[in-house]
Amino acid sequence: MPVSLPSAVLFDMDGLLVDTEPVWTVAEIELADRLGSRWTPEIKAAVVGTRIGTAVPVILTLLGQLPTPELVAQTTAELLARMVELFKGELAPLPGAMALLADLQRSGVPVALVSSSFRVLVDAVVNRLGLSFDVTIAGDEVHHAKPHREPYETACLRLAVDPRRAVVLEDSPAGIDSGEAAGCAVVAVPSVAGVHPEPGPRRLVLTSLTELDLAALGALAAR
């Protein structure tokens, strides 16, 4: 019996496709040290999956700083520059990600990369790993970032697919909310301590993408 396939599969990047969260943590710890404070797992959980423009004021506040526009702009620029530098090093795809992407592409399922990271970082990862997607959406290319529906809704529009038959792969609460708000089914694979999504009628919660295959994606999309 032929396997039912989703209309598209939409990958998050940081913490889902590739293990960039430890790299972000290096830059974040350096920032906290410069400000005479301490980076904590609670701060990480508060901002994971959000766009840098949203995350930086929260980070500064939790580090005991007043997030003035000048300090936010300076900190954002410093973090982006440091991340571009760090991304030149070793980047590790998360278990199962490359195999799943290859299976989808062989099966003709449209794939998109939908990230809260800015274009400069999305391109750095895609080029570093030699990846190919039908559509890529960066955090600085949408008016409303995750958890708003716009990022995943935009990806489905560009792919010309029905979001109700598409599946989003995410690790963060903001990304999960964004995918579901766009009408997509969601596979949640949390990668940060303190993030514990619950399964739902159109939401699977897994510990690794190695647990996911085309049949499971098709069944989820059909719910």
Side-chain angles (χ1 to χ4, degrees), residues 11-87 89 91 94 113-125 137-154 168-182 186 188-198 203 205:
F11 287 75
D12 175 49
M13 187 176 82
D14 299 289
L16 186 285
L17 177 71
V18 64
D19 195 16
T20 57
E21 290 301 344
V23 183
W24 273 105
T25 300
V26 169
E28 291 158 346
I29 288 173
E30 291 173 352
L31 170 64
D33 288 345
R34 287 198 304 273
L35 295 175
S37 190
R38 186 173 66 89
W39 186 257
T40 68
E42 290 74 22
I43 301 175
K44 181 67 137 181
V47 300
V48 65
T50 60
R51 186 163 58 180
I52 192 168
T54 302
V56 166
V58 175
I59 289 170
L60 289 171
T61 299
L62 294 175
L63 292 176
Q65 303 294 314
L66 181 65
T68 64
E70 295 77 15
L71 184 57
V72 168
Q74 175 188 335
T75 303
T76 300
E78 289 173 351
L79 281 174
L80 284 173
R82 182 61 173 139
M83 289 304 298
V84 170
E85 181 181 342
L86 290 169
F87 277 11
L91 285 178
L94 284 159
L113 184 63
V114 184
S115 179
S116 291
S117 286
F118 280 17
R119 172 56 62 183
V120 64
L121 300 183
V122 170
D123 286 347
V125 169
I137 306 290
D140 53 340
E141 297 171 341
V142 292
H143 294 293
H144 304 288
K146 303 174 186 179
H148 196 276
R149 69 180 184 273
E150 183 183 347
Y152 284 112
E153 190 174 68
T154 300
V168 162
L169 309 182
E170 266 287 354
D171 71 308
S172 71
I176 293 167
D177 289 348
S178 175
E180 292 180 341
V186 172
V189 189
S191 62
V192 172
V195 176
H196 304 290
E198 295 292 328
R203 183 197 298 172
V205 179

Show your working on side chain to side chain contact (heavy atoms under 4.5 Å, CB included) between Val125 and Leu91 and close with a plain yes or no.
-> CA-CA 8 Å; Val125 169; Leu91 285 178; 3.9 Å; yes

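- Between the CG atom of Leu79 and the CD1 atom of Ile52 there is a distance of 5.0 Å, given to the nearest 0.5 Å.
- Contact between Phe87 and Thr20 at its shortest, heavy atoms only, is CZ-CG2, 3.8 Å.
- Atom CZ of Arg203 has more than 12 neighbouring heavy atoms from other residues, nucleotides or ligands inside a 6.0 Å radius.
- In this structure, Arg149 and Ala182 approach most closely via the heavy-atom pair CB-N, 3.6 Å.
- A 4.5 Å side-chain heavy-atom check between Val205 and Glu198 finds every atom pair outside the cut-off.
- Scored by the side-chain contact (heavy atoms from CB on, under 4.5 Å) test, Ala138 finds Arg119, Val122, Asp140, Glu141 as partners (sequence neighbours excluded).
- Ser178 places no side-chain N or O within donor-acceptor distance of the main-chain N or O of Ala174, the cut-off being under 3.5 Å.
- The two residues Ser191 and Glu21 make their nearest non-hydrogen contact at OG-CG, 4.4 Å.
- Taking both residues in full, the closest heavy atoms of Asp171 and Val189 are given as CB-O, 3.1 Å, listed atom of the first, atom of the second, then distance.
- For the atom pair CG of Leu94 and CE of Met13, the computed distance is 11.5 Å after rounding to the nearest 0.5 Å.
- Between the CG atom in Leu31 and the CG atom in Leu60 there is a gap of 6.5 Å [rounded to 0.5 Å].
- Rounding to the nearest 0.5 angstrom, the gap separating the OG1 atom in Thr154 from the NE2 atom in His148 is 9.5 Å.
- Atom CD1 of Ile29 is separated from atom NZ of Lys44 by 8.5 Å, given to the nearest 0.5 angstrom.
- Taken from CD1 in Ile59 to OG1 in Thr54, the straight-line distance is 10.5 Å, to the nearest 0.5 Å.
- The minimum heavy-atom distance linking Pro67 with Thr61 is given by the pair CG-OG1, 3.5 Å.
- Remark: the Ser172 side chain and the Asp12 side chain contain no N/O donor-acceptor pair separated by less than 3.5 Å.
- When side chains are defined from C-beta on, Trp24 does not count as touching Leu86, because their heavy atoms never get closer than 4.5 Å.
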Audit row: Glu180, Tyr152, side chain to side chain contact (heavy atoms under 4.5 Å, CB included) steps and yes/no | CA-CA 9 Å; Glu180 292 180 341; Tyr152 284 112; over 6 Å; no

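- Between the side chain of Glu170 and the backbone N or O of Val186 there is no donor-acceptor pair closer than 3.5 Å.
- Heavy-atom minimum distance, Arg51 versus His143: NH2-O, 3.4 Å.
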Full working for side chain to side chain contact (heavy atoms under 4.5 Å, CB included) between Val84 and Phe118 = CA-CA 11 Å; Val84 170; Phe118 280 17; over 6 Å; no

Start with the C-alpha gap between Asp177 and Lys146, add the side-chain angles, then the distance that decides, and say whether side chain to side chain contact (heavy atoms under 4.5 Å, CB included) holds.
-> CA-CA 8 Å; Asp177 289 348; Lys146 303 174 186 179; over 6 Å; no

